[in-house]
Amino acid sequence: MGDQHIIYMDHAATTYVRPEVLEAMIPYHTGHFGNPSSIYGIARDAKKTVESARAQVAKALGALPEEIYFTSGGSESDNWAIKGIATANRKKGLHIITSSIEHHAVLNTCEFLEKEGFQVTYLPVDEFGLVNPDDLEKAITSETILISIMYANNEIGTIEPIGELGAIARKHHVYFHTDAVQAIGNVGIDVRSQNIDLLSLSAHKFYGPKGVGALYIRKGVKLANLIHGGGQEHGKRAGTENLAGIVGLGKAIDLAVADIPGHNVKVRAMRDRLLDGVLRTIPHAKLNGHPEKRLAGNFNVSFDFIEGESMLLWLDDEGICGSTGSACTSGSLSPSHVLLACGMPAESAHGSLRLTLGDENTADDVDRVLDVLPKVVAKLRNMSPLFQNATKEEEYHV
Amino acid sequence: MYSEKVMEHFRNPRNVGEIEAPDGVGEVGNPVCGDIMKIFLKIENNVIVDAKFKTFGCGAAIASSSMATELVRGKTLEEAWEVSNKAVAEALEGLPPIKMHCSVLAEEGIHTAINDYRKKQGLPLWEEKNPHSHGHGEDHTCEPQE
């Protein structure tokens with residue numbers, strides 16, 4: 001590809017590390033490498049550093065520092081929250097409620113627990129991907145020990161009514177966990193007023209490093225350990241701290257929540273222009289997810305008669321990085337469970353394209369996608385037997 | 001994840017399009033599973049003189065259609081019938097395991113088009129020697145089966 005300018009529009013998959021974040025991390029790989037559990041000076045400094053990062057995370061969520069536990073990322077946090085609650089509360093009940101559009105870190109953990117004797121209710125969503133709070137309230141039984149609903153969906157960007165869901169959970173004295181991996185830096189979070197008992201987050205979704213995340217556990221929540229060993233993290237999560245990673249997480253979350261409205265205004269303006277342009281120039285295209293209640297940077301559109309992986313390959317040739325809900329990019333042959341749960345026919349789910357915009361995208365990037373994408377779609381439709389069958393139109397040119 | 005050959009055929013697919021008044025047409029696959037291939041053949045004196053395709057599918061599906069139509073051009077129907085999915089995959093310098101079903105679909109597409117021709121000619125249909133089950137159809141699953 002040579003010197004081709006890469007247009008990265010896959011921020012929901014991962015982000016680059018902000019230079020300020022990287023700079024803050026570097027000393028902790030070299031001079032300040034001490035093990036926070038040791039007794040000498042450089043170790044005590046490390047300990048202080050971990051605690052200051054913990055305070056940064058707590059502040060971003062409206063939590064107390066002692067309610068923040070560092071983990072290896074979103075998947076560990078989700079596993080810990082769900083298995084930890086299930087193990088510690090199984091005498092109280094064996095019922096868990098989640099949604100049908102969760103990340104696999106939640107869904108596959110719930111499926112594992114079903115094999116261990118738990119019952120799981122997977123709440124449906126409407127065509128926009130929203131969980132109905134009434135459905136949640138009706139699903140709660142005397143056996144329910146945990147409700148886990150994601151804050152914002154990674155594929156379609158739909159933002160769930162977390163405050164309402166949290167209030168219902170609290171009213172029924174059921175623990176409420178939210179996977180907020182996609183939400184940090186995009187929506188304001190306050191765990192107290194939203195009645196959130198557990199919250200998962202991951203640094204590499206908000207311009208921090210990969211391999212580090214956190215679980216917020218409200219004081220008083222009964223949770224079993226997932227990783228046993230040394231006494232780190234108040235004896236709740238063993239393993240020598242990922243010192244540099246934790247520093248990066250703290251710095252990244254500080255920056256991410258510093259100006260959420262400003263970030264959203266900028267990113268939403270680009271996303272909306274991209275969306276309007278695409279829907280205006282490309283026929284047989286439809287927005288997936290909610291028109292308003294969605295993450296500012298999320299674009300998810302289905303193009304009829306074509307398949308997503310082919311689109312991604314052509315876009316990649318043009319230096320544009322995106323994602324799709326088509327099966328063909330995953331290990332399975334079934335399309336996105338999220339799009340199917342929204343009631344989309346499988347063939348449309350195969351033709352979905354997700355572009356997630358971020359801080360470094362520019363107006364030029366949007367122009368470039370608006371130039372390239374209609375040609376890619378036209379090229380693939382011209383070789384699709386479905387397009388020919390469905391439209392009987394002449395070959396179309398862009 | 002794809003070989004250079006697959007990418008080359010994906011970027012510059014051979015034989016895209018339709019044949020007017022084709023002698024044989026084969027449409028296989030299922031939109032639910034994300035792939036449909038339609039193969040068009042022009043046959044003269046038992047020889048495939050032209051082959052074209054239209055495909056809805058992933059990069060491997062498009063490359064497999066392109067390669068399969070290349071492989072059967074100029075062959076007698078008997079020779080073309082022997083072009084296996086493995087031959088298509090090998091000519092593409094390999095396909096990822098999860099994408100092997102795309103080459104199966106290409107073989108099935110050619111076979112269906114040949115039998116369409118034989119049916120029109122009033123000839124007995126040829127039977128699949130190794131009936132592949134692409135999983136399309138009866139059991140409504142898209143997962144490939146052994």
Inspect the surroundings of NZ in K5(B) and state if more than 12 heavy atoms from other residues, nucleotides or ligands are less than 6.0 Å away.
no

Over all atoms of both residues, closest heavy-atom pair of S310(A) and G59(B):
OG-N, 3.7 Å

Residues in residues 8-16 of chain B near chain A [non-hydrogen atoms, under 4.5 Å]
F10(B), R11(B), P13(B), V16(B)

Considering only heavy atoms, which portion of A60(B) lies under 4.5 Å from any heavy atom of chain A: side chain, backbone, both, or neither?
backbone

For K120(B), does the NZ atom sit with more than 12 other heavy atoms under 6.0 Å from it, leaving out its own atoms?
yes

Side chain, backbone, both or neither: which part of I36(B) has an atom under 4.5 Å from a heavy atom of chain A?
both

Heavy-atom closest pair (H350(A) atom, V32(B) atom, distance to 0.1 Å) is NE2-O, 2.8 Å

Among residues at least two apart in sequence or on other chains, which ones pass salt bridge (Lys or Arg N to Asp or Glu O under 4.0 Å) with K286(A)?
none

One should read off an interatomic distance between T55(B) OG1 and I306(A) CD1, to the nearest 0.5 angstrom, of 14.0 Å

Quick one: CG on L386(A) to NZ on K38(B), what's the gap to the nearest 0.5 Å?
10.0 Å

So for atom CD, which belongs to E78(B), do other residues, nucleotides or ligands contribute more than 12 heavy atoms lying within a distance under 6.0 Å?
yes

Between E307(A) (side chain only) and F56(B) (backbone N and O only), is there a donor and an acceptor less than 3.5 Å apart?
no

Distance in Å, L313(A) CG paired with M7(B) CE, rounded so as to fall on 0.5 Å steps:
5.0 Å

